[in-house]
There are 2 protein chains.
Amino acid sequence: MNYSDFRNMIQTLKADIFRQTVEQNRDIILVTKEQTIIRNLEKIFDATLEISNEKGFHAMSMRDLAKGSGLSSGGLYAYFPGKKDLLRMLQEHGRKVVQEILFKFVDQNTDDVSKLRTAIKTHLYLSELMQPWFYFSYMETKNLSGPERENAIESEMATEKLFADIVQRGQDAGLFETRDPQLTAAIIKSILQDWYLKRWKFSRRNISVDQYAEFIIQFVEVFLGVHETEISRLKN
Amino acid sequence: MNYSDFRNMIQTLKADIFRQTVEQNRDIILVTKEQTIIRNLEKIFDATLEISNEKGFHAMSMRDLAKGSGLSSGGLYAYFPGKKDLLRMLQEHGRKVVQEILFKFVDQNTDDVSKLRTAIKTHLYLSELMQPWFYFSYMETKNLSGPERENAIESEMATEKLFADIVQRGQDAGLFETRDPQLTAAIIKSILQDWYLKRWKFSRRNISVDQYAEFIIQFVEVFLGVHETEISRLKN
DNA sequence: GTCTATACACAGATAGAC
DNA sequence: GTCTATCTGTGTATAGAC
């Protein structure tokens, strides 16, 4: 699987999850027709990401958002009761997309070497496809309050646990050297984050997402001592 | 060198650099006595970091800052002409501390294996000692405008180049395996960032800064293929 | 379902007393 | 050198027309 394959595979999945998000917020959205909601909410989400990533969510005014989304300042309030709710909706929606796709893809593999590779690639490809959301989510999580903040943290820990579990099981199966699974997972995650947080660095150097994927996988597999024979067995 | 050694070594250096910062902003500070400036500017910086890291610099009002620093809302303007200038001063000051200490410590080593270790430890120890500033700097860099933003980026690249150069020279000297120096540097940097960006994760797990340092060094040295003999030769 | 006009709270910044 | 009081702009959110 490369990035181009990945893109094609998840188009319908993404649309499904968007409909779920609309459904889940039906009670606070004043517009009734689903088609209208989807059309406008997508514009609102996109504009929010673009403006917020430029100057921060808090610094984005409702007037900015009105201009960016094409709706009027007052009209926006038909789609969410307040700015805070928009933040929450956007965060929850993105998290659901990531979790659902990441775990689904990883589960399609049986051995732990493949699982590890798939987890790395899928996370990387997701963050490439949804780079604005990933960046936004990282930067604005601290502005969430109370239970929403805890959800964000819980989601982060779940992703890290996904990696830690693969490392642990691979060690138990004798495929990997003995390394601290949790710290290894933390390191993998931080390397993956670099891709969406410091994207300008990689574009400037003309590094493609597939090249970066290969590099990370090499890095991790050297550290975990995955044997060359195992690596060549799995080529393709 | 461990964290406790490091702390003791840099106390006077830090004070020196603070005086430099005051000197450099003399023309925009309305207070004349250096002692007064230092005393209050330190309070202002500390309060800014604390409040901003809680809810973001933009969301911090001057009234918040007045309360946090112990000065009055109007009195603050004797120390900077406007909120934007406070942001710039604080960013520049921290960057100077980091650059000065990091390069000074690394230059005290001769061989590349020691240089690499020192660079990793020094960066990590700095980010432990100045965690609020590091976090703040990372989160608020995008709110800088024009030339100040470029300075921030330049500083980030300089740090990355420090690591890349060590890796490159170590390879030329036959100490390290052949790996892409720039990507290796980027990865090291992202792992170091994790320490100050996701600190709650490590405190929750009771991982000390010295333990984390050891783990990173192991990780990097395995990847670069630093030989066991070299490693044991350098113990202590 | 979407607009324009506006209410009203709170931001950054300044003036002038002490 | 620091304070209190206040000016003025901009923010979120709502009311009511279409």
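Note that these values count all heavy atoms, side chains included, but never hydrogens, waters or copies made by symmetry. Residue numbers start from 1 in every chain, and the chains themselves are labelled A, B, ... in the order their sequence lines are given, proteins ahead of strands.
- Taking atom CG on B:L30 and atom P on C:dA13, their separation rounds to 13 Å, with Å as the unit.
- With respect to A:R205 and B:E160, a salt bridge is recorded, a charged nitrogen being found less than 4.0 Å from a carboxylate O.
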- request: Apply salt bridge (Lys or Arg N to Asp or Glu O under 4.0 Å) to the pair B:K96 and B:E23, showing each step before the final yes or no.
  value: CA-CA 13 Å; B:K96 179 163 283 176; B:E23 222 46 54; over 6 Å; no
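- Within a 6.0 Å radius of CD in B:E92, other residues, nucleotides and ligands contribute more than 12 heavy atoms.
- Atom P of nucleotide C:dA13 and atom CE of B:M60 are separated by 11 Å, given to the nearest angstrom.
- What separates NZ of A:K67 from P of D:dT12 is a distance of 14 Å, to the nearest Å.
- Annotation: the span from A:R88 atom CZ to A:E140 atom CD amounts to 16.0 Å, rounded to 0.5 Å.
- Contact check for A:V31 versus A:N40: no side-chain heavy atoms found under the 4.5 Å cut-off.
- Nucleotide D:dT12 holds its P atom 9 Å from the NE2 atom of B:H58, rounded to whole Å.
- For A:R63 and D:dG11, the shortest distance from a side-chain N or O to OP1 or OP2 is below 4.0 Å.
- The distance between atom NZ of B:K83 and atom P of D:dT10, rounded to the nearest whole Å, is 15 Å.
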Identify all pairs in which a protein N or O lies below 3.5 Å from an N or O of nucleotides 2-4 of chain D, and state each distance.
| unit_1 | atom_1 | unit_2 | atom_2 | d |
| --- | --- | --- | --- | --- |
| D:dT2 | OP1 | B:N40 | ND2 | 3.2 |
| D:dT2 | OP2 | B:Y79 | OH | 2.5 |
| D:dC3 | OP2 | B:S72 | N | 2.6 |
| D:dC3 | OP2 | B:S72 | OG | 2.8 |
| D:dC3 | O5' | B:S72 | OG | 3.4 |

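- Summarising the geometry, the separation between CD1 on B:I51 and P on C:dA11 is reported as 12 Å, rounded to the nearest angstrom.
- By the 4.0 Å N-to-carboxylate-O rule, B:R19 lies too far from B:E34 to be salt-bridged with it.
- Between the CZ atom of B:F57 and the C1' atom of C:dA11 there is a distance of 13 Å, rounded to whole Å.
- In this entry the distance linking CE of A:M62 with C1' of D:dG11 reads 10 Å, nearest Å.
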